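What you see is a predicted model, and the numbers here were worked out from it, not measured in a lab.
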Amino acid sequence: LRSTEGTAQQDSVQSPAPEGVAPPKEKPKRPALDRRELTRPRLAPRAQSRKALVEKFGGAASGPAPNIKKTGGANAIKNMLLEWCRAKTRGYEHVDIQNFSSSWSSGLAFCALIHKFFPDAFDYTALDPANRRENFALAFATAEKHADCAPLLEVEDMVRMSVPDSKCIYTYVQELYRSLVDKGLVKTKKK
């Protein structure tokens with residue numbers, strides 16, 4: 001009688017393959033996937049504190065805008081950028097930035113924001129809110145020339161819409177902000 005140890009030992013030893021026959025190839029094992037990892041939503045990195053965001057965008061406007069909701073994450077960044085726009089355009093006639101839509105419809109908000117950083121580029125006081133096409137053309141051309149801001153918006157599209165699309169405006173303002181940072185005209189807090 002053989003012991004169970006001897007049988008187990010014999011079973012674990014493989015006999016060599018006969019000559020001329022290649023031994024079977026082992027398939028590489030793939031790491032097991034946890035289904036929870038596939039369905040779990042990806043979370044954004046922890047949002048910065050309000051104070052850090054305000055410092056990053058160069059200061060907040062005084063008093064809250066009536067249409068701004070205080071929330072975290074992407075909305076907080078959007079709100080900080082809106083407050084930055086309000087702070088930079090404070091005191092400009094015919095400009096009252098409350099949102100990324102109707103507040104930009106005359107083109108003067110763009111002109112005021114760009115004039116704040118490039119005051120010698122054009123005479124803001126000569127602009128008329130009724131001349132939307134000229135205001136958008138002036139703002140976009142000046143931003144492209146002086147800030148190297150990508151021309152993401154078309155004048156004709158802006159004139160065609162009585163109320164501009166908020167996502168388009170927000171995207172353009174983000175690009176303008178990034179361009180101003182690259183030029184060293186807006187200081188951000190480095191990590």
Side-chain angles (χ1 to χ4, degrees), residues 47-48 50 52-71 73-189:
Q48 296 177 350
R50 176 173 166 72
L53 286 171
V54 168
E55 289 176 12
K56 180 178 180 180
F57 288 112
S62 62
N67 298 334
I68 294 180
K69 294 178 185 172
K70 301 291 181 193
T71 57
N75 280 338
I77 293 170
K78 188 174 183 178
N79 291 338
M80 291 300 116
L81 187 59
L82 187 62
E83 287 187 30
W84 175 79
C85 291
R86 290 178 65 227
K88 296 302 178 190
T89 59
R90 190 178 298 114
Y92 279 88
E93 191 176 8
H94 305 294
V95 177
D96 182 22
I97 297 176
Q98 298 298 315
N99 55 44
F100 281 113
S101 185
S102 59
S103 296
W104 303 80
S105 63
S106 71
L108 288 182
F110 288 113
C111 290
L113 189 57
I114 293 162
H115 187 263
K116 178 72 176 181
F117 293 96
F118 305 103
D120 296 332
F122 57 88
D123 180 13
Y124 180 84
T125 59
L127 301 178
D128 181 359
N131 296 334
R132 296 177 65 218
R133 177 176 273 109
E134 290 80 10
N135 296 340
F136 287 123
L138 176 65
F140 299 157
T142 305
E144 186 176 1
K145 179 179 178 183
H146 293 286
D148 296 325
C149 182
L152 300 177
L153 297 177
E154 295 289 331
V155 173
E156 293 307 314
D157 292 339
M158 297 302 294
V159 172
R160 192 172 335 137
M161 296 182 278
S162 60
V163 178
D165 181 71
S166 62
K167 290 177 184 174
C168 294
I169 302 297
Y170 177 59
T171 302
Y172 184 84
V173 172
Q174 281 181 310
E175 177 64 17
L176 177 61
Y177 178 84
R178 186 200 59 76
S179 298
L180 293 170
V181 168
D182 289 349
K183 288 277 192 186
L185 298 171
V186 173
K187 304 294 183 212
T188 61
K189 186 175 180 180

Step-by-step side-chain contact (heavy atoms from CB on, under 4.5 Å) determination, Thr188 to Tyr177: CA-CA 11 Å; Thr188 61; Tyr177 178 84; 3.4 Å; yes
Evaluation steps, side-chain contact (heavy atoms from CB on, under 4.5 Å), between Asp182 and Asp148: CA-CA 9 Å; Asp182 289 349; Asp148 296 325; over 6 Å; no
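A distance of 10.0 Å separates CG of Leu185 from CG of Leu176, quoted to the nearest 0.5 Å. One finds the OH atom of Tyr92 at 10.5 Å from the CG atom of Leu127 (value rounded to the nearest 0.5 Å). Of the inter-residue distances, the one linking Asp120 atom CG with Asp123 atom CG reads 11.0 Å to the nearest 0.5 angstrom. Considering OG of Ser106 and CZ of Phe136, their distance stands at 6.5 Å, rounded to 0.5 Å. Put simply, CZ on Arg178 and CD on Gln174 are 10.5 Å apart, with the number rounded to the nearest 0.5 Å.
Taking 4.5 Å as the limit, some side-chain heavy atom of Val155 sits within range of a side-chain heavy atom of Val159. Between Leu81 and Tyr170, the closest side-chain pair of non-hydrogen atoms falls below 4.5 Å.
A distance-only check finds no donor-acceptor pair linking the side chain of Asp96 to the backbone of Ser103 [under 3.5 Å]. A side-chain donor-acceptor contact under 3.5 Å links Asp165 to the backbone of Cys168. Under a 3.5 Å cut-off, the side chain of Trp104 and the backbone N or O of Ile97 do not form any donor-acceptor pair. A distance-only check finds no donor-acceptor pair linking the side chain of Ser166 to the backbone of Ser101 [under 3.5 Å].
Considering all non-hydrogen atoms of both residues, Cys111 and Asn135 come closest at SG-O, 3.2 Å. Nearest heavy-atom pair across Cys149 and Glu175 is SG-CG, 3.7 Å. Closest heavy-atom contact between Met158 and Arg132: O-NH2, 2.9 Å. The two atoms that bring Thr89 and Ala112 nearest to each other are CG2-CB, 3.9 Å, heavy atoms only. Contact detail for Leu153 and Ile169: the closest heavy-atom pair is CD1-CD1, 4.3 Å. Considering every non-hydrogen atom in both Ile114 and Ala139, the closest pair reads CD1-O, 3.0 Å.
Tested against Phe110, the residues Phe117, Phe100, Phe140 include a single ring-ring contact (aromatic ring centres under 6.0 Å, His included) partner, Phe140.
Lys78 NZ: more than 12 foreign heavy atoms inside a 6.0 Å radius.
Between His115 and Tyr124, the ring planes are tilted. Angles from 30° to 60° get that label.
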